[in-house]
Amino acid sequence: MALQLGDIAPDFTQQSTAGEVHFHQEIEGKWAVLFSHPKDYTPVCTTELGEVARLKPEFEKRNVKVFGLSVDPLEDHQGWAGDIEDTQGQALNFPLIADADRSVATAYGMIHPNANDTLTVRSVFIIDPNKKVRLTITYPASTGRNFDEILRVIDSLQLTADYQVATPVNWKDGEDVIIVPQVTNEEAKTKFPKGFKELKPYLRVTPQPNRN
Ligand code: BEZ
């Protein structure tokens with residue numbers, strides 16, 4: 001069965017461009033993003049990996065470790081890395097897992113046989129410090145992902161974990177957030193000193209707690 005939200009992300013040991021990855025050990029105490037791309041030496045994937053490398057400081061600020069993956073061998077990853085730097089102006093600076101035996105792709109359901117029976121699709125998993133899967137998305141091979149959106153989801157998940165707030169449609173960092181239903185109005189008065197507006201008993205908004 002496909003991995004679902006709340007499941008423990010499967011552990012694995014696999015080769016990567018940054019040495020052997022012992023997944024659970026490397027993500028201990030951190031958030032993680034594990035994403036697959038279909039194939040090395042392909043155009044859309046080249047742009048995605050350059051962008052993730054460029055965004056590395058943004059992931060680090062959020063205590064997130066990022067891992068890319070495809071079922072290509074390590075030598076291909078190493079050769080392709082030069083092309084990523086040449087064309088995207090950004091060297092690969094995070095582990096790119098070489099899942100040649102497809103063990104990780106299989107455990108995470110990254111191969112969708114009716115789309116392509118050998119290549120991984122563009123999967124993304126956000127994993128929290130308890131190693132639980134908190135987001136899964138799947139894009140087709142021909143559409144490059146928006147990694148700003150991945151950062152936005154991480155910001156939202158971390159706000160929920162830290163402050164018991166949820167984020168509304170199209171929320172952007174700095175905008176008002178929603179108090180989760182589990183928090184009573186009495187509790188909200190102390191938890192959210194900037195105050196809150198009750199539009200309906202189930203819809204209460206407050207300024208983003210970790211912004212001035
Ligand atoms: C690409 O990265 O450009 C790509 C990879 C596999 C299939 C189609 C496009």
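Both counts, for ligands and for their atoms, begin at 1 and track the order of listing.
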Please test Asn185 against Arg204 for side-chain hydrogen bond (donor to acceptor under 3.5 Å, both in side chains), starting from the C-alpha separation and ending with a verdict. CA-CA 9 Å; Asn185 277 351; Arg204 297 164 299 166; 3.0 Å; yes
Regarding Gln25 and Asp11, do their side chains bring together a donor and an acceptor under 3.5 Å, going by distance alone? no
Near ligand 1, which residues have a heavy atom under 4.0 Å away from one of its atoms? Pro38, Thr42, Pro43, Val44, Cys45, Arg122, Ala141
Side chain to side chain contact (heavy atoms under 4.5 Å, CB included) against Thr106, all qualifying residues, sequence neighbours excluded: Arg102
If the threshold is 4.0 Å, N to carboxylate O, is there a salt bridge linking Lys39 and Asp76? no
Mind checking what makes salt bridge (charged side-chain N to carboxylate O under 4.0 Å, His left out) contact with Glu75, not counting sequence neighbours? none
Could you pull out all residues at least two apart from Tyr108 that satisfy ring pair (Phe, Tyr, Trp, His ring centres under 6.0 Å)? Phe125
